[in-house]
Amino acid sequence: MRKIEIFDTTLRDGEQSAGINLNTAEKLEIAKQLERFGASIIEAGFPASSPGDFEAVQRIAGTVKNSIVTGLARAIKKDIDITWDALKKAEQPHIHVFLATSPIHMQYKLNKTPDQVVEAAVEAVKYAKNTFPLVQWSAEDAFRSDREFLVRIINEVIKAGATTINIPDTVGYASPAEYGALFKFLRENVTGSDKVNFSAHCHDDLGMAVANSIAAIENGANQVEGTINGIGERAGNAALEEIAVAMHIRKDIYGIETGINLQEIKRTSQLVSKLTGVVIQPNKAIVGKNAFAHESGIHQDGMLKNPETYEIITPALIGESAVPLVLGKHSGRHAFKDRAETMGFDLSDDKINRAFAEFKKLADRKKEITEEDLLTLLTDQQIQHEEIPVYELKSVQVQYGTENIPTATVQVIQPDGEEVTVASTGSGSVEAIFNTLELLINSKVEILDYRVTSVGKGRDALGEAVVNLTYNDQKVTGRDAAQDVLEASAKAYLNTINRQIIQSSLRVKELIS
């Protein structure tokens with residue numbers, strides 16, 4: 001069967017979504033899961049954009065072995081040098097250089113003539129090829145570019161050493177027929193098109209990203225780019241899990257192999273959703289919680305008689321196993337550690353011990369411990385920064401009544417080790433907690449977004465809170481979980497502050513070193 005390379009840009013294009021702010025530990029965790037997922041190439045970030053992105057790309061490059069790790073770079077030498085420093089220890093160093101080619105981008109954004117753009121692209125690719133064995137070049141806004149100009153510039157960058165040519169629909173404007181036709185035209189007219197990979201990168205502004213990606217595959221693309229859950233700028237990118245399952249289910253017409261481990265889809269989707277704070281819509285194809293639900297009586301009747309009447313994809317295919325009780329309160333540490341390893345977690349003994357202690361506390365209060373509960377507990381431990389002191393919530397109490405002013409009392413251990421208790425009021429219980437914590441950190445905080453969702457089912461389910469706020473003029477997103485949603489809210493608020501403290505500490509350490 002024909003093989004298509006899967007290029008995952010969850011950690012670069014996906015992280016550019018509004019409200020997403022991943023730290024290095026979280027990016028590393030997602031990258032390791034993407035490796036298990038089977039992504040051919042993982043775009044780990046944009047190294048020249050910030051010290052945090054550089055560190056994340058460097059650590060991922062030194063950790064991931066079974067997927068190629070790449071970094072984005074503008075078509076300038078400084079970006080290429082920084083990207084090499086981040087990726088030089090990777091198994092197969094790969095760089096993704098981009099430059100806009102559409103008339104509107106060349107005139108208004110680049111302020112360059114077409115000849116100048118060709119010259120800049122060729123110079124960048126030649127320079128990158130001096131160090132990188134694998135060079136991908138992207139024609140930003142390729143779909144709205146002049147076709148003849150695309151042929152001209154692609155011919156030149158191939159001669160300069162590009163190994164992959166990416167043809168993005170940057171603004172999600174294409175239809176499947178048009179996008180497929182563009183790939184067919186380029187395959188037929190570019191000199192040496194058989195010696196390079198052609199890649200599709202689609203955005204979902206008109207809801208056609210997955211359809212356009214498949215149309216490109218049908219017309220000669222041998223690499224497709226996208227993100228987990230379809231996250232990304234504006235309306236998002238092509239959802240890789242949808243493309244992978246579509247290729248598998250309809251192999252009769254596509255004859256395509258992606259190399260994706262379909263059994264890892266659900267876990268990858270859950271991890272990305274949890275760490276980015278982006279909730280998956282219930283009716284989302286493949287990974288939505290209603291993807292395998294059947295409400296209609298007619299549908300239910302058919303399902304009882306033969307599941308294939310309405311179910312073309314089984315939950316088992318994507319790794320959604322029906323295991324309501326994973327572990328119980330009588331389970332031992334060995335069984336817990338074994339389960340953590342089975343789920344793909346590689347935790348130190350200290351972190352396993354802390355996760356096990358939290359598991360035991362939860363097991364005493366909760367009837368059933370589900371896979372989702374374990375994912376929450378283990379992920380929280382995996383991304384902890386042990387070496388940097390932060391705020392720790394000891395207790396939170398709220399006095400509330402319909403005729404009374406809500407009052408919150410919070411007990412916290414500060415980064416310097418001092419234990420303090422603070423109280424304040426608010427128009428509601430959550431606002432009272434947030435006002436109290438704002439007094440504690442003694443800094444102006446603006447709440448941008450706040451939500452609580454259930455982890456699993458039942459009245460005893462964990463509640464996961466996500467808080468997006470500005471602190472020290474920086475936008476930060478935090479999250480945490482507890483059975484009590486008010487406790488979860490307090491912990492999530494402190495998590496946002498702690499993330500900012502950790503980021504600042506790491507920057508200081510980097511400057512000193």
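In what follows, residues are counted from 1 in the order of the sequence shown.
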Supply the atom-to-atom distance T70 OG1 to H96 NE2, rounded to the nearest 0.5 angstrom. 7.5 Å
OG-CD distance between S67 and Q92, expressed to the nearest 0.5 angstrom: 10.0 Å
What is the distance from atom CD of E358 to atom CG of N353, rounded to the nearest 0.5 Å? 12.0 Å
Give a yes or no answer on whether the side chain of K360 reaches the backbone of S331 with a donor-acceptor pair at less than 3.5 Å. yes
So how far is it from S429 OG to Q399 CD, rounded to the nearest 0.5 Å? 10.5 Å
Do the charged groups of E242 and K284 touch, with an N to O distance under 4.0 Å? yes
Which residues pass the ring-ring contact (aromatic ring centres under 6.0 Å, His included) test with F336, sequence neighbours left out? F356, F359
Closer than 3.5 angstrom, by distance alone: can the side chain of E464 be matched with the main-chain N or O of V455 as a donor-acceptor pair? no
Could you tell me whether R12 and E15 make a salt bridge, using a distance below 4.0 angstrom between a side-chain N and a carboxylate O? no
D349 and K351 ion-paired at < 4.0 Å: no
Short side-chain to backbone donor-acceptor contact, Q500 and I497, under 3.5 Å: no
Check this for me, if you would: do D380 and K274 make a salt bridge, where the nitrogen-to-carboxylate-oxygen distance has to be below 4.0 angstrom? yes
Is E91 salt-bridged to K65, cutoff N-O under 4.0 Å? yes
What is the minimum heavy-atom distance between I30 and L271, and which atoms define it? CA-CD2, 4.0 Å
Tell me, which pairs form a salt bridge (Lys or Arg N to Asp or Glu O under 4.0 Å) where one or both residues lie in residues 407-436, sequence neighbours left out? none
Does any part of the side chain of I4, heavy atoms only, come nearer than 4.5 Å to the side chain of E257, both counted from C-beta? no
Distance, nearest 0.5 Å, that separates CG of N472 from OG of S443: 4.5 Å
If only atom types and distance count, is the side chain of S273 paired as donor or acceptor with the main-chain N or O of S269 below 3.5 Å? no
Is a side-chain N or O of Q414 found less than 3.5 angstrom from the main chain of Y391, in a donor-acceptor match? no
Whether D204 side chain and M208 backbone form a donor-acceptor pair below 3.5 Å: yes
Atom pair CD/CG of E446 and L469 - distance to nearest 0.5 Å: 9.5 Å
Keeping the roles fixed (side chain from S199, backbone from N166), state whether a donor-acceptor pair exists under 3.5 Å. no
For residues A244 and L262, report the shortest heavy-atom separation together with the two atoms involved. CB-CD2, 4.1 Å
Does the side chain of I280 come within less than 4.5 Å of K289's, by heavy atoms? no
Non-neighbouring partners of Q270 that pass side chain to side chain contact (heavy atoms under 4.5 Å, CB included), sequence neighbours left out: K266, E372, L375
D53 and K27 ion-paired at < 4.0 Å: yes
Not counting sequence neighbours, list each pair that qualifies as a ring pair (Phe, Tyr, Trp, His ring centres under 6.0 Å) and has a residue in residues 238-265. none
ring-ring contact (aromatic ring centres under 6.0 Å, His included) with H201: which residues, sequence neighbours excluded? H203
According to the ring pair (Phe, Tyr, Trp, His ring centres under 6.0 Å) rule, which pairs have a member within residues 427-473, sequence neighbours left out? F434-Y450, F434-Y493
Mind listing the closest non-hydrogen atom pair of I214 and A246 along with its distance? CD1-CB, 4.2 Å
Heavy-atom side-chain contact between V422 and T409 under 4.5 Å: no
